[in-house]
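Order of the sequence lines fixes the chain letters, A, B, ..., with proteins taken first and strands second; residue numbering starts at 1 for each chain. Remember, it's a predicted structure, so these values are computed and weren't measured experimentally. Reckoned from all heavy atoms, side chains included, excluding hydrogens, waters and symmetry mates.
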Amino acid sequence: MYEVSLYNSLTKKKERFVPLTPGKIGMYVCGVTVYDRCHLGHARAVVFFDVVYRYFSALGYEVTFVRNFTDVDDKIIERAHQQNISWNELAEKYIHKFYEDFDRLNVKKPSFEPKATEHIECIITSIEKMIARGFAYEKDGDVFFSVRSLDEYGMLSGRTVDDLLSGIRIEINDKKNDPLDFALWKKSKLNEPAWDSPWGKGRPGWHIECTAMIHKILGDEFDIHGGGNDLIFPHHENELAQARAISGCHYARYWMHNGLVTLNKEKMSKSTKNFFALEDIYNQFEPRYIRYFLLTKHYHAPLDFTSELVGDAVNAWKRVENSCGIVHNILSRNTYSLIENINHEMLKGFCEALSDDFNTPKALAILFDTVSCMNQAVREGKSHKELSVLLSALETMASILGIELFLPEQAQVSFSDIEDIDEQKIIEQGISCLHINKFSDEQIKLLVRLRLLYRMKKDFKQADTIRDVLQQAGYTLRDTKNQTIYFQL
RNA sequence: GGCGGCGUACCCAAGUGGCUAAGGGAGUGGUCUGCAAAACCAUUAUUCAUCGGUUCGAUUCCGAUCGCCGCCUCCA
């Protein structure tokens, strides 16, 4: 098994990854607050941790992967009010949208997808423990966490309480003992979602849901906690503080934070309206190209989005698809099947790259080397066995990264296929369907044959006309010496 | 102001205390082809923001400077 190293945001160092229980991994990634459509920034986090999940699974780990939905908070309430629907209707709507968007990005379903509202009981128990241990206090139906009560507060984000205080922009809330204290439980106002609690009707604060759900599903100490680096403070800092306050546990052993997606070098963010919704991007680019694009830069660094850059990504991934398509076409005659557990040098290099703190750009470079290698093998007319091995290695890499390979059904017609047929009949039939708007498979085949006939007779003008017609209809034609391969894109 | 990150070719992007500084896109020239497409070959950084220091040797380590970005309010 490969030894994996990870950059740990807690220690600010790259460390060898050793799971708490050999062979098993507990991983929690902060999901989204469901009050709007998801944008490319969300996609980066979701896709990246999907790769982490896939890779660890491919290495043979039994991964318990948890990704939550925050389905109750101020913004949901506010938005629902504007749209004149109930807050839970709004949340459901965007949860549904989330699945729609991320299914298209080929994101696997985690082991658990808890919702805040389904864990009110353990949230309340957690808050009670914090109060009992002197880390939290109740004021008029609200409960706050007292940051000064925890010595190590700030250890994740690398700040002290005094640092934070000097740059404070939090609005003054006179219920709080200290301006930095944060809400664990919010007293609900009229017409707001509310649950019974020892402190009256209310709802959970933002940070506590994660702490409580992690405690319930993964236990006090677990392996990996992930999310966007904008969550380091205050969200993850506060989660960690709560966990320590509840049980004094270590909580997450490794914290992984992905860099943000930028638009014109500025953070993509819903609140600043500086974003592209996924479903809008999908109108311009196929989702698999977006997924490829998201993995072209190391997860730790910011990733700038422009149409030009995604356009480059499209061309790059098409190169892979082209090559795989050609090899599939060669091998399908011998019914190609993926070689499982393949042990290829290239795949080894690929895994080493991913094992080194998920260096996806390096892994992709190796994937492209494999493509070159495979193209070379095709050119040199290498054996089907050799091609199968390369193709299997390539498909394994693509599947670990979760980037789909779109391989159109290819068909071919050779000179020998049309040698003994009735020329006149083909010409008549072919010309008669030349002006149809939508072709049937039979008609396409007929036209390809007709064109080949013209090619054979060196009537290239006619041949080119037919190619133009077919191209218009969405078919790509590739000629070789004595045949034509065609497929629909 | 505090904390953190980044600056590598035309663009994107890995990487390393010394061997030809990966890979992709774009461009150019060539091979193949009737053409096209795809593919292949060659080519595009004597140099890694700038200036110092450590070192036999630094793009890589240290320091300073400049520039860009993130967090310190909700955020993936």
Salt bridge between [X] and [Y], side-chain N to carboxylate O under 4.0 Å?
{"X": "A:Lys115", "Y": "A:Glu92", "result": "yes"}
{"X": "A:Glu279", "Y": "A:Lys97", "result": "yes"}
{"X": "A:Asp142", "Y": "A:Lys176", "result": "no"}
{"X": "A:Glu113", "Y": "A:Lys109", "result": "yes"}
{"X": "A:Arg203", "Y": "A:Asp74", "result": "yes"}

query: Cation over ring, A:Lys270 on A:Tyr35, under 6.0 Å and within 45°?
result: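 Cation-pi check for A:Lys270 and A:Tyr35: passes.
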task: Answer yes or no for A:Arg148 and A:Tyr153: cation-pi contact, defined as NZ/CZ to six-membered ring centre under 6.0 Å and angle to ring axis within 45°.
output: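 That pair does not qualify as a cation-pi contact.
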Distance in angstrom units between [X] [atom1] and [N] [atom2], rounded:
{"X": "A:Asn315", "N": "B:A37", "atom1": "CG", "atom2": "C1'", "result": "14 Å"}
{"X": "A:Leu407", "N": "B:A38", "atom1": "CG", "atom2": "C1'", "result": "15 Å"}
{"X": "A:Arg159", "N": "B:G70", "atom1": "CZ", "atom2": "C1'", "result": "10 Å"}
{"X": "A:Tyr289", "N": "B:G24", "atom1": "OH", "atom2": "P", "result": "17 Å"}
{"X": "A:Asp181", "N": "B:U73", "atom1": "CG", "atom2": "P", "result": "14 Å"}
{"X": "A:Asn238", "N": "B:C74", "atom1": "CG", "atom2": "C1'", "result": "13 Å"}

Considering every strand and a 4.0 Å limit on heavy-atom distances, what is the contact class for [X]: base, sugar-phosphate, or nothing?
{"X": "A:Ala365", "answer": "base"}
{"X": "A:Asp230", "answer": "base"}
{"X": "A:Gln376", "answer": "sugar-phosphate"}

task: Verify whether one side chain among A:Glu239 and A:Tyr251 offers a donor that lies under 3.5 Å from an acceptor in the other.
output: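 Their side chains do contain a donor-acceptor pair, which is all the 3.5 Å distance test asks for.
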query: Do we see a donor-acceptor contact under 3.5 Å between the side chains of A:His257 and A:His236?
result: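 Checked: A:His257/A:His236 side chains pair up, N/O donor to acceptor below 3.5 Å.
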Taking only side-chain nitrogens and oxygens of [X], does any of them come within less than 4.0 Å of OP1 or OP2 of [N]?
{"X": "A:Gln471", "N": "B:A36", "value": "no"}
{"X": "A:Arg319", "N": "B:G24", "value": "yes"}
{"X": "A:Lys461", "N": "B:C35", "value": "no"}

Contiguous Watson-Crick or G-U pair runs (3 or more, under 3.5 Å) in RNA chain B: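 Counting only runs of 3 or more consecutive pairs, the stems involving RNA chain B are B:1-7 with B:66-72, B:10-12 with B:23-25, B:26-31 with B:39-44, B:49-53 with B:61-65.
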Sort me out a list of protein N/O and nucleotides 11-14 of chain B N/O pairs below 3.5 Å, or just none if empty.
unit_1, atom_1, unit_2, atom_2, d
B:A13, OP1, A:Lys297, NZ, 2.7
B:A14, OP1, A:His298, N, 2.7
B:A14, O3', A:Asn359, ND2, 3.0

Determine whether a donor-acceptor pair (one donor, one acceptor, N or O, separation below 3.5 Å) exists between the side chain of [X] and the base of [N].
{"X": "A:Asp479", "N": "B:C35", "result": "yes"}
{"X": "A:Asp464", "N": "B:G34", "result": "yes"}
{"X": "A:Arg467", "N": "B:A36", "result": "yes"}

field: A:Phe368-B:G23 aromatic stacking (under 5.5 Å, under 30°)
entry: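 It does not: the two rings, one from A:Phe368 and one from B:G23, miss the stacking criterion.
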field: Shortest non-hydrogen separation from A:Asp417 to A:Arg449 and the atoms involved
entry: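 So the two residues come closest at O-NH2, 4.0 Å.
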